[in-house]
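We name chains A, B, ... by the order of the sequence lines, and we start the count at 1 in each one.
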Protein chains: 2
Amino acid sequence: MSEQMAKRLQEAGYRLTAPRLAVLQVLGMKGEDLSPAEVLKRGRVIYPDLSRATVYRTLELLTEMGMLRPVYLGERGSHLACVAEGHHHLLCLDCGRTIHFDDCVLSELEHTLAQRLGFQIKSHLLEFYGLCEHCQRDKASST
Amino acid sequence: MSEQMAKRLQEAGYRLTAPRLAVLQVLGMKGEDLSPAEVLKRGRVIYPDLSRATVYRTLELLTEMGMLRPVYLGERGSHLACVAEGHHHLLCLDCGRTIHFDDCVLSELEHTLAQRLGFQIKSHLLEFYGLCEHCQRDKASST
DNA sequence: CTGATTGCAAAAATTTTGCAAGCCT
DNA sequence: AGGCTTGCAAAATTTTTGCAATCAG
């Protein structure tokens, strides 16, 4: 996972430094969405001298290269997710719980859009917003 | 558009004040994605005393109520879009250009997920990431 | 009236940047 | 060796908060 990102960085002419590898390792670790602050904290476990600036610079770089993307998770501040393939989740607007799912019915649409608009599509993000089972019940009882 | 949001606010027990109405009007205006700073600027055209704090407070309120959502547009800082129905776009990772589209093949998936997970889905966000026609050409020529 | 809401300004948090030192290739 | 990268610390930007005054209902 992080190896692949490392490889892409290197192939694009960027250097593989210890700080960058630490960030990549953190990102590859859980495959989940982290804030820059969280990346810094975990990165420092791997490479204690890691600086906040480097985290931001690396995240920006990876985002530019399309390997990372911001994701909305209800919490404050930005969150980033590995792109890998598509990323799908439902977010409860009430309690903030997120549920990930894998069904992907988008490949057809992806293909259609790519053709129609001449776009080369690399990945996608699909988020549904609503109320989870639990919060629906809460709402109902408070009405 | 903004009338509907105003109505929902009022029904939820919030007061309709001039500052809030200004923010709603700005958001309803173009239906597009704005940063908080942009909302403030445009809001002040309508209500000159509008304060930045009120913009943030109102945006947060609307987001909590599910009428607004953050969207990634490649630029720095957060951007917000009216929820209305679904929101779909392609984002070029290279030049940042966004293309909106309307095809929505998600209602079926939405239904399936709602049933399977007991989620009450209110809206969704679908973003594709890739390279636009123009940037594909640039890449090719620089290789 | 009465308490929700506002603007202001200060505080906090987040992100960016300049620069000399250090490290990858 | 050469120049991309880094860490640091300061600067810029963005977001949050306390509080007295104001306003909607």
Side-chain angles (χ1 to χ4, degrees), chain A residues 2-3 5-26 33-65 68-80, chain B residues 2-3 5-26 33-65 68-80:
Chain A
S2 58
E3 282 79 16
M5 295 199 276
K7 196 178 164 197
R8 279 198 54 192
L9 271 187
Q10 192 162 40
E11 284 173 351
Y14 295 102
R15 293 185 184 168
L16 291 186
T17 63
R20 276 182 185 158
L21 289 173
V23 170
L24 290 182
Q25 199 176 324
V26 168
D33 326 300
L34 302 171
S35 62
E38 188 67 24
V39 173
L40 176 64
K41 197 169 77 182
R42 300 196 193 182
R44 280 188 166 159
V45 175
I46 301 168
Y47 181 80
D49 281 345
L50 183 63
S51 99
R52 196 188 317 277
T54 296
V55 169
Y56 277 103
R57 286 189 278 234
T58 305
L59 293 180
E60 181 182 16
L61 182 58
L62 293 172
T63 303
E64 266 174 14
M65 294 184 67
L68 224 53
R69 82 161 78 81
V71 157
Y72 172 48
L73 285 180
E75 292 153 43
R76 307 214 158 282
S78 52
H79 277 248
L80 300 156
Chain B
S2 59
E3 282 79 17
M5 294 199 276
K7 195 178 163 196
R8 278 197 55 191
L9 271 187
Q10 193 163 39
E11 284 173 350
Y14 294 102
R15 294 185 183 169
L16 291 186
T17 63
R20 277 183 184 157
L21 289 173
V23 170
L24 290 182
Q25 198 176 326
V26 168
D33 326 299
L34 302 171
S35 64
E38 189 66 25
V39 172
L40 176 64
K41 198 169 77 183
R42 300 196 194 181
R44 280 188 166 159
V45 174
I46 301 169
Y47 180 79
D49 281 346
L50 184 62
S51 99
R52 194 188 318 278
T54 296
V55 169
Y56 277 104
R57 287 189 277 233
T58 305
L59 293 179
E60 183 183 14
L61 182 58
L62 294 173
T63 303
E64 266 175 15
M65 294 184 66
L68 225 54
R69 81 162 79 82
V71 156
Y72 173 47
L73 286 180
E75 292 153 42
R76 307 214 159 279
S78 53
H79 276 248
L80 300 156

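If you measure from atom CD of A/Glu38 to atom C1' of C/dT15, you get 18 Å, rounded to the nearest angstrom. What separates CG of A/Asp49 from P of D/dA9 is a distance of 12 Å, to the nearest Å. Whole-Å rounding puts the A/Leu61 CG to D/dT5 P distance at 8 Å. Distance B/Leu40 CG to D/dT13 C1': 14 Å, rounded to the nearest Å. Regarding A/Glu60, its CD atom lies at a distance of 16 Å from the C1' atom of D/dC4, rounded to whole Å. For the pair A/Arg52 CZ and D/dT5 C1', the interatomic distance rounds to 18 Å; values are reported in whole Å. Rounded to whole Å, atom P of D/dT16 lies 11 Å from atom CD of B/Glu64. Between the CZ atom of B/Arg20 and the C1' atom of D/dC23 there is a distance of 12 Å, rounded to whole Å.
Counting heavy atoms from C-beta outward, A/Thr54 and A/Ser51 have side chains that approach closer than 4.5 Å. Between A/Leu40 and A/Val23 the shortest side-chain heavy-atom distance does not fall below 4.5 Å.
The side chain of A/Leu50 sits closest to D/dG7 out of D/dG7, C/dT25, D/dT15.
Fit an axis to the five pairs at each end of the helix from C/dC1-D/dG25 to C/dT25-D/dA1 and the two axes sit 60° apart, to the nearest 10 degrees.
Not one N or O on the side chain of B/Arg20 forms a donor-acceptor pair closer than 3.5 Å with the backbone of B/Thr58. In this structure a side-chain-to-backbone donor-acceptor pair under 3.5 Å is present from A/Arg8 to A/Met65. Using a distance-only test at 3.5 Å, with no hydrogens or angles considered, a donor-acceptor pair links the side chain of B/Arg44 to the main chain of B/Leu50.
For A/Tyr56, no side-chain nitrogen or oxygen approaches OP1 or OP2 of C/dT16 to under 4.0 Å. A/Gln10 has a side-chain polar atom (N or O) that falls below the 4.0 Å cut-off from OP1 or OP2 of C/dT25. Regarding contacts with the backbone of C/dC8, every side-chain N or O of B/Ser51 stays at 4.0 angstrom or more from both OP1 and OP2.
Both B/Tyr14 and A/Ala37 sit near DNA chain C, but only B/Tyr14 has its closest nucleotide nearer the 5' end. Between B/Thr17 and B/Arg57, the residue anchored nearer the 5' end of DNA chain D, judged by the nucleotide with its closest heavy atom, is B/Arg57. Where A/Arg15 and A/Pro19 each meet DNA chain D at their nearest nucleotide, the meeting point lying more 5' is that of A/Arg15.
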Inset, instruction - List the steps and the verdict of side-chain contact (heavy atoms from CB on, under 4.5 Å) for A/Arg42 and A/Leu34. - result: CA-CA 10 Å; A/Arg42 300 196 193 182; A/Leu34 302 171; 3.6 Å; yes

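Remark: A/Tyr14 OH is loosely packed, at most 12 non-hydrogen atoms of other residues, nucleotides or ligands lying under 6.0 Å away.
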